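See below for the structure under consideration.
Remember, it's 1-based here, ligands and their atoms both numbered in the order they're listed. Keep in mind that this is a model prediction, so the values were computed, not measured.
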Amino acid sequence: MSAITYAVIDTTAIKHNLSVVTRYAPASKVMAVIKANGYGHGLVTVAKALESVDALAVARPDEGIQLRQAGFSQRITVLAGFVCEQELNDLIKYDLEAVIHSQHQLEIIENQKGKGKISIWLKLNVGMNRLGFNIKSYHAAYQRLWQCLSVNKPFALMTHLSNANDSNKEITLKQISTFKEIVNTLDGEQSIANSAAILACPDSLADWVRPGIMLYGVSPFAGDKKSELKPVMSLHSKLIAIKHINLGEPVGYSGTWISKESTKLGVVAIGYGDGYPRHARNGTPVLVNGIRVPLVGRVSMDMITIDLTELAQVKVGDPVTLWGQGLLVEEIARYADTIPYTLICGITQRVDIRII
Ligand SMILES: *Cc1c(COP(=O)(O)O)cnc(C)c1O
């Protein structure tokens, strides 16, 4: 039996989007970021489509181990590194690379004895204030890591930008120059750029780029009408009921939408239990037979209601697209007061995944 609510993952679109990365960063090596289950597209699916990249990146040790167990042998960086000796030993065992971002990790690695070697990325905090050594402690951390027998040398140097998707580049350019100034005299490959920086900030490219969201065909910029990237995920369902209601009738929980005329209402088998955003507003567009119609009433767990009044030819069972080609997830995110990252990451287990 095939589920009526499903997401299609277009792996040729991933490859196309990778070609956009290499067009913007022709001289850089690519570390493809596939954390959080490949941004909701499937860790292994995405890793397979990206087999040609120089390295993969995930957030946590478990995700890297999963890739090794699935047979992937390329370089894999764990962006949050390790938090205890056990995790460090796991990273070594599975040949995973670690971002070193804290004094805590530095001490663990210094005290770790004789269990093999690890490749690392030493992270500088340039203003995100999340992970990374501060400017004042970075050189000392570098020297100490250089002394560690278990660390492969030279190791790589990285940072992460906090404002790369702002239209004003002032903060980003400052952060890039801070990084360059600090690593200037140090040996080791350098990495700065996420997707937004790759697309908007040539100064950030360096030896390695770390694209995430753009590989999935989603623009990192709010309000962007981009064309070069191809959406990888499309989310589909079907009309499961059509009914006619009179003027003045409320629809859905708490009756947050009331018909202003007699209305042909459609019920679609998708809801927040599938990952469709609960906060999508009245008027959020939905494609029925390829035509845009508005969401009306609250999103519930298993269903949404839409206004079909304008569609003459429509019947139960007709296909509905929630996002994908022709209706970008970026637009749905705006209607739901969120960012597209959360929507693609949030598809739940109930949704059938079809890989093409
Ligand atoms: C998630 C992440 C990226 C990728 O960011 P996008 O905005 O998705 O391109 C790059 N670097 C680090 C450290 C990350 O955590």
Side-chain angles (χ1 to χ4, degrees), residues 14 17-18 20-25 28-41 43 46-47 50 53-64 75-83 96-102 105 120-133 156-167 169 171-172 175-176 179 183 189-201 204-222 224 226 228-229 231-233 329-330 333 338-346:
I14 300 177
N17 297 329
L18 176 61
V20 176
V21 173
T22 49
R23 187 146 46 75
Y24 275 83
S28 306
K29 287 186 255 190
V30 176
M31 180 190 292
V33 182
I34 62 170
K35 61 198 180 190
N37 194 31
Y39 287 48
H41 295 66
L43 184 68
V46 171
L50 291 169
V53 298
D54 303 287
L56 298 170
V58 291
R60 307 197 184 140
D62 283 1
E63 297 175 303
R75 293 179 64 179
I76 299 173
T77 299
V78 176
L79 294 169
F82 52 89
V83 71
L96 301 169
E97 306 186 13
V99 170
I100 305 288
H101 53 74
S102 70
Q105 292 177 315
I120 63 164
W121 298 72
L122 180 58
K123 187 170 189 176
L124 178 70
N125 171 28
V126 291
M128 177 84 89
N129 286 318
R130 208 176 52 177
L131 300 181
F133 286 89
L157 314 170
M158 69 172 287
T159 191
H160 191 42
L161 303 167
S162 61
N163 289 61
N165 62 345
D166 287 358
S167 52
K169 299 221 190 80
I171 294 172
T172 298
Q175 291 184 347
I176 293 168
F179 176 74
V183 302
E189 290 188 315
Q190 302 174 9
S191 178
I192 305 171
N194 59 1
S195 300
I198 292 166
L199 293 169
C201 220
S204 70
L205 297 178
D207 298 306
W208 286 85
V209 291
R210 305 188 310 272
I213 195 78
M214 69 183 289
L215 293 172
Y216 309 96
V218 177
S219 170
F221 306 111
D224 191 17
K226 59 105 188 71
E228 316 174 76
L229 300 171
V232 175
M233 177 192 288
V329 69
E330 291 93 315
T338 187
I339 54 171
Y341 293 72
T342 69
L343 300 185
I344 57 177
C345 282

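Of the protein's non-hydrogen atoms, His160 CE1, 3.4 Å is the one closest to atom 12 (C) of ligand 1. For atom 9 (O) of ligand 1, the nearest protein heavy atom (residue, atom name, distance) is Ser195 OG, 2.5 Å. The shortest contact between atom 8 (O) of ligand 1 and any protein heavy atom is with Tyr39 OH, 2.6 Å. What sits closest to atom 7 (O) of ligand 1 on the protein, heavy atoms only, is Tyr341 OH, 2.7 Å.
For ligand 1, the atoms closer than 4.0 angstrom to any heavy atom of Ile213 are 6 (P), 8 (O), 9 (O).
Residue Val33 places no N or O, backbone or side chain, under 3.5 Å from any N or O of ligand 1. Considering backbone and side-chain atoms together, Arg210 places an N or O closer than 3.5 Å to an N or O of ligand 1. In terms of N/O distances under 3.5 Å, ligand 1 is approached by Gly212.
For the residues Met31, Lys35, Met128, the heavy atom positioned nearest atom 2 (C) of ligand 1 is part of Lys35.
Between the side chains of Arg130 and His101, no donor-acceptor pair of N or O atoms lies under 3.5 Å.
Partner of Ile34 under the side-chain contact (heavy atoms from CB on, under 4.5 Å) criterion, out of Val53, Ile14, Leu50: Leu50 alone.
Taking the six-membered ring where tryptophan is involved, the planes of Trp208 and Trp121 are perpendicular, since the angle between them exceeds 60° and thus also 30°.
Side-chain atoms of Gln105 come within 3.5 Å of backbone atoms of Phe82 as a donor-acceptor pair (strictly under, hydrogens ignored). Using a distance-only test at 3.5 Å, with no hydrogens or angles considered, no donor-acceptor pair links the side chain of Asn163 to the main chain of Ile171.
How far CG of Leu215 is from CG of Leu18: 6.0 Å, rounded to the nearest 0.5 Å.
A salt bridge does not link Glu63 with Lys35: none of the charged nitrogens is closer than 4.0 Å to a carboxylate oxygen.
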